[in-house]
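Here, residue 1 is the first one in the sequence, and each next residue gets the next number. In listed order, ligands and their atoms are each counted from 1. Note that these values count all heavy atoms, side chains included, but never hydrogens, waters or copies made by symmetry.
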Amino acid sequence: MLEQPQVPTPGARLSREEVESLLFHPDAEITASLARAARQIRDRIYGRGVFIRGLIEFTSFCKNNCLYCGLRRSNALAERYRLSPEEILECCEDGYRVGMRTFVLQGGEDAYFTRKRMTDLLQEIKARYPDCAITLSIGERSSEEYQAFFDAGAERYLLRHETATNAHYRFLHPPEMHLSNRMRCLKELRRIGYQVGCGMMVGSPGQMPEMLARDVEFLRAFMPEMVGLGPFIPHRQTPFAQEKAGSVETTLRLLSLVRLMLPSVLLPATTALSTLDGEGRIRGLDAGANVVMLNLSPQSVRKKYSLYDGKADCPDDARTIWREFSATLEQNGYRAVVSRGDPAGKEEIE
Ligand code: SAM
Ligand code: SF4
């Protein structure tokens, strides 16, 4: 019998071996112990309020060919769409009316959205909703573009590093994509002044336990303001169609571990988690997450933004989504917060 690993104290620095052991030890009790400790520190820093983000999936065009993603350019069966600025602004209006104070603009790497088109859009959103934060998640761009988007009002940027292991990055991506460029982008975003989010999928093809431990080590060193973590889920029209989905259990342990290592991080309970587990959002919050992204995209395009199979369907309008999700939160001892939801001051708990 393997020795049972100790649940770390908040802010602890763990070795790769310790991380690996916490994530993969067979004793199921560890998931609950990690979650208990993670909830405690989350509650101390953020309370039971959950930050709600309005997610606008504004383009399904992508020039990249990441092997895991249904939007990859070689997927000739993917349904492509772009929202117009008016449609995007309508999404913001819907979200604002119900209480959302952060809009996350996410999409493929779509050259149609030039620097000018993006900055015009960002300025317009900021002019209409000065009390809201805008998060971008549109992949790798030049430093000048990142700067221009920041100057136009974007304050947060989500760019998962996907894996901190070079060989694994190459396995998941086509030859023209490089981990070094991803890292360059993350450092530039940080230098410019964005709140930066990175992260990875759990159980992506080729991922070995020690790689996930290296990812945790990278997160601990980079100290992002946000961490996006969700299970890998195969998409039938990608080269990874036959691969297995990532484990919900490991994702939950990882959420708890990240909360413990980076106590004030903004940590979403992701859609991918709720796709594999109907209770995934609440289980994610119970594991230490404190953010949920709710879909504001027009219903006509939601199915077309297909990263993986079986994406949790959400046919409702913003008002219904907010009302129903708020009720679910309350039944579980949480509450939806009307706030930009910035990160709490980074505490040194060592
Ligand atoms: N194109 C931008 C980028 O790649 O950063 C933003 C959109 S991309 C779809 C957002 C995230 O979706 C990626 O960082 C990736 O981790 C995740 N994703 C893509 N395919 C996935 C899959 N099959 N299962 C789970 N997550 C996936
Ligand atoms: Fe494009 Fe992002 Fe999908 Fe890669 S993960 S193919 S960059 S949308």
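- Cation-pi geometry between Arg82 and Phe61 is met: the NZ or CZ atom falls under 6.0 Å from the ring centre, inside 45° of the normal.
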> Between Tyr129 and Glu93, does a side chain to side chain donor-acceptor pair (under 3.5 Å) hold up when you go through it step by step?
Replying inline: CA-CA 9 Å; Tyr129 308 103; Glu93 180 59 27; 2.5 Å; yes
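- For atom 7 (S) of ligand 2, the nearest protein heavy atom lies under 4.0 Å away.
- Atom SG of Cys91 is separated from atom CD of Glu86 by 11.5 Å, given to the nearest 0.5 angstrom.
- Ionic pairing of Arg73 and Glu176 is present here: one or more N-O contacts between side-chain nitrogen and carboxylate oxygen are shorter than 4.0 angstrom.
- Taking the ring centre of Tyr146 as origin, the terminal cationic atom of Arg141 falls outside the region bounded by 6.0 Å and 45° from the ring axis.
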> What do the steps show when you test Arg182 against Glu162 for salt bridge (Lys or Arg N to Asp or Glu O under 4.0 Å), and what is the final call?
Replying inline: CA-CA 9 Å; Arg182 190 60 52 127; Glu162 311 293 0; 3.8 Å; yes
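- Ring orientation note: the planes of His161 and Phe218 are tilted relative to one another, at an angle of 30° to 60°.
- Around atom 1 (Fe) of ligand 2, protein N, O or S atoms at a distance under 2.8 Å total 1; waters are neither shown nor counted.
- Relative to the six-membered ring of Tyr96, Arg101 meets both conditions, a distance below 6.0 Å and an angle of at most 45° to the axis.
- Protein residues with any heavy atom under 4.0 Å from ligand 1: Tyr68, Cys69, Gln106, Gly107, Gly108, Ser137, Gly139, Leu159, Arg160, Glu162, Met201, Pro231, Phe232, Ile233, Tyr305, Leu307, Tyr308.
- A cation-pi arrangement, defined by a distance under 6.0 Å to the six-membered ring centre and an angle within 45 degrees of its axis, is present between Arg117 and Tyr112.
- For the pair Arg190 and Phe222, the cation-pi criterion (under 6.0 Å, within 45° of the ring axis) is fulfilled.
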